[in-house]
Amino acid sequence: MKATTMTDGIYRLGINLENNQLFEGMWPMPDGISINSYVVSGEKTAIIDLTEDVDDKPAQFERELASIPLKATDVDYLIINHMEPDHTSWLPAFYKKNPDLEFFITEKGAGVLKAFCGIDQNIHIVKTGDTLDLGRGKVLTFYEAPNLHWPETMFTYERSSGILFSCDAFGSYGTIEDIIFDDQLSSEQHDFFMREALRYYANIIGGLSMFVSKAVAAIQDLDIKMVAPSHGIVWRENPMAIISAYERFAGYMNGPAEPEITVLWSSMYGNTQKVVSAMVQGVRAQGLPVHIHRVPEDHVGFILESAWKSAGLIIGMPTYEYRMFPPMAWVLDMFGRKKVWNKQVLRFGSFGWSGGAQRELDTLTEKLKWQFVEPVEWQGRPDDEVLAIARSRAEELAKIIKAGS
Ligand SMILES: Cc1cc2nc3c(=O)[nH]c(=O)nc-3n(C[C@H](O)[C@H](O)[C@H](O)COP(=O)(O)O)c2cc1C
Ligand SMILES: [Fe+2]
Ligand SMILES: [Fe+2]
């Protein structure tokens, strides 16, 4: 692949991580992910964010650089928006090729750069509002964006083109081939990247949602003509589409989220499973969309996407050794870590003798600000009365969500 010209003197290049890997060592990505870098050339040349040192990706990166044409020693400055290794693990090798390289990074970033790459020379510490004039009208301005995604992260804005290089913020899953801009996508492809943005958000950014609105406020006076994140598509036709989407996703943490319900259920011997349909019917009777995940069969990365945007959760699980069914406990623990907060929740499940799942659920979710509808619990297999109660409780939950949306 070749680098793509975004505007005179500004290029996008990047690599794809394929679907046989787990992002951050844990998130499935059935359609992979891109790691984007950008070159801004005036009299001086800067690269914004580097790439990951896996397989033959650095060689591919260098071929793209050569297509501009540039080689490592032609690069004067490396702008390090974010130190996570998906953007920096190739940095030490690149620095060896060009020991004159100068680094622009936040103060917190400099400490992390030393720890991960052993580099403590040629460093320029930057703060919000600092600029770097590359000549020929290209001026970079830096904006600290703490915790999007690490404490050291910043955005870089190029004034003449109005391009915001936002690193992980405004990113999405999904590999990138020849098409890099939103206006080159079909409606289906556009929807795909928006969906992948939500899943990426729920997996990577969700637990840091409180920092999204702060970062957006810091850049609100900028004339943003393109949003160029380090993962996914470049938003040029409507750059506000992805910024607004991220603000909407962040808002789901404090609720209410979308008037939809995610049903997540587990069952060992089918007694809890028998009630799933009644729950779904109850929700549909009120006309709300339903997302269904079986635990542990579905990966928590996908469950998080559904749960993050749903105002309501219906959690089905039996009691297991006086407590919650362990795979569901693991998913709910992840909900806590990722701040799946402020949900309307209904739990159902079978028990054999004295139960216990509900008690543990109540304790575990105390900090999540969840509002519970009365649970549906029964001993052994469910009879028609249980099914009728289940349908009506699910409908009750759906009504609460409709009233709150
Ligand atoms: C390994 C195991 C541990 C269980 N522990 C409890 C328990 O502590 N308390 C209880 O009331 N029932 C317990 N049960 C019974 C189940 O909750 C009961 O069989 C229930 O109907 C299972 O629902 P399911 O068919 O949806 O898996 C246990 C069952 C198994 C297999
Ligand atoms: Fe990151
Ligand atoms: Fe990243």
Side-chain angles (χ1 to χ4, degrees), residues 14-17 21 23-27 29 32-38 48-52 54 57 80-91 109 112 116 145-155 165-174 176 196-197 200-201 203-208 211 215 228-232 264-279 294-297 315-329 347-361 375-383 386 390:
I15 56 123
N16 289 320
L17 299 182
Q21 303 173 49
F23 193 60
E24 286 188 349
M26 68 178 294
W27 309 111
M29 28 177 206
I33 192 168
S34 72
I35 299 180
N36 307 333
S37 302
Y38 299 94
I48 301 172
D49 295 321
L50 219 49
T51 201
E52 187 166 349
V54 278
K57 304 299 179 185
I80 305 174
N81 277 340
H82 177 26
M83 269 304 301
E84 192 167 1
D86 53 336
H87 309 288
T88 60
S89 66
W90 191 50
L91 199 165
V112 183
F116 280 74
N147 300 308
L148 294 179
H149 160 223
W150 282 7
E152 47 34 293
T153 307
M154 66 177 186
F155 297 163
F165 302 98
S166 58
C167 205
D168 286 352
F170 315 125
S172 58
Y173 287 125
I176 302 287
E196 291 294 81
Y200 176 85
Y201 186 95
N203 292 178
I204 311 297
I205 309 283
L208 306 160
F211 300 102
S230 60
H231 303 287
L264 50 156
W265 65 275
S266 314
S267 186
M268 296 178 281
Y269 295 111
N271 292 302
T272 305
Q273 181 172 15
K274 284 195 182 88
V275 176
V276 174
S277 295
M279 289 288 171
R294 182 168 187 176
V295 174
E297 282 78 352
I315 300 169
M317 69 172 136
T319 291
Y320 184 99
E321 291 172 359
Y322 303 95
R323 300 175 66 184
M324 298 196 291
F325 186 60
M328 186 63 81
R347 187 228 145 207
F348 67 101
S350 174
F351 60 91
W353 49 96
S354 59
Q358 185 64 38
R359 194 173 47 240
E360 194 192 5
L361 177 69
V376 184
E377 281 200 289
W378 65 94
Q379 190 170 10
R381 67 193 148 113
D383 57 16
V386 169

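Whatever order the structure lists them in is the order used to number ligands and atoms, beginning at 1. Because the structure is predicted, anything quoted here is derived from the model rather than measured.
Among all protein heavy atoms, the one lying closest to atom 30 (C) of ligand 1 is Met268 CE, 3.8 Å. Of all protein heavy atoms, the one closest to atom 21 (O) of ligand 1 is Ser350 OG, 2.6 Å. Looking from atom 3 (C) of ligand 1 to the surrounding protein, the closest heavy atom is Glu321 N, 3.4 Å. Scanning the protein for heavy atoms near atom 23 (O) of ligand 1, the closest one is Pro318 CB, 3.3 Å. Protein heavy atom nearest atom 8 (O) of ligand 1, with residue, atom name and distance: Tyr322 N, 2.3 Å. Looking from atom 1 (C) of ligand 1 to the surrounding protein, the closest heavy atom is Tyr320 CE1, 3.4 Å.
No donor-acceptor pair under 3.5 Å is formed between the side chain of Tyr38 and the backbone N or O of Ser230. Proximity of a side-chain donor or acceptor of Gln379 to a complementary backbone N or O of Phe351 within less than 3.5 Å is not detected. Panel note: side chain Gln358, backbone Pro375; no donor-acceptor pair is recorded below 3.5 Å. For the pair Ser266 (side chain) and Val295 (backbone), a donor-acceptor distance under 3.5 Å is present. Using modelled atom types, one side-chain atom of Asn16 and one backbone atom of Ile176 make a donor-acceptor pair closer than 3.5 Å. Under a 3.5 Å cut-off, the side chain of Glu360 and the backbone N or O of Met324 do form a donor-acceptor pair. The backbone N or O of Pro229 lies less than 3.5 Å from a partner atom in the side chain of Asn36, making a donor-acceptor pair. Side chain of Arg347 to backbone of Glu377: no donor-acceptor contact under 3.5 angstrom is found.
Excluding waters, the protein N/O/S atoms found under 2.8 Å from the Fe ion (ligand 2) are His82 NE2, Glu84 OE1, His149 ND1, Asp168 OD2.
A 4.5 Å side-chain heavy-atom check between Asp168 and Thr153 finds every atom pair outside the cut-off. Between Ser89 and Phe116, the closest side-chain pair of non-hydrogen atoms is not below 4.5 Å.
When distances from atom 19 (O) of ligand 1 to the protein are checked, no heavy atom turns up under 4.0 Å.
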Check the pair Ile80 / Leu91 against side chain to side chain contact (heavy atoms under 4.5 Å, CB included), numbers first and verdict last. CA-CA 10 Å; Ile80 305 174; Leu91 199 165; 3.7 Å; yes
Using side chain to side chain contact (heavy atoms under 4.5 Å, CB included), reason through His87 and Glu52 one step at a time and then give a plain yes or no. CA-CA 6 Å; His87 309 288; Glu52 187 166 349; over 6 Å; no
Quick one: do Val275 and Trp378 satisfy side chain to side chain contact (heavy atoms under 4.5 Å, CB included)? Show the steps, please. CA-CA 11 Å; Val275 176; Trp378 65 94; 3.4 Å; yes
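Distances from ligand 1 to the non-hydrogen atoms of Gly355 include at least one value under 4.0 Å.
Selection from Val276, Asn271, Thr319, Val275 by nearest heavy atom to atom 9 (N) of ligand 1 gives Thr319. Comparing Gly352, Ala357, Gly380 by heavy-atom distance to atom 15 (C) of ligand 1, the nearest is Gly352.
The atoms of ligand 1 that sit less than 4.0 Å from any heavy atom of Ser267 are 24 (P), 25 (O), 26 (O), 27 (O). Using a 4.0 Å cut-off to heavy atoms of Thr272, the atoms of ligand 1 that qualify are 23 (O), 24 (P), 26 (O).
Considering just the N/O/S atoms of His231, the one nearest the Fe ion (ligand 3) carries the name NE2.
In terms of polar-atom proximity, defined here as any N/O pair under 3.5 Å, Gln273 makes no such contact with ligand 1.
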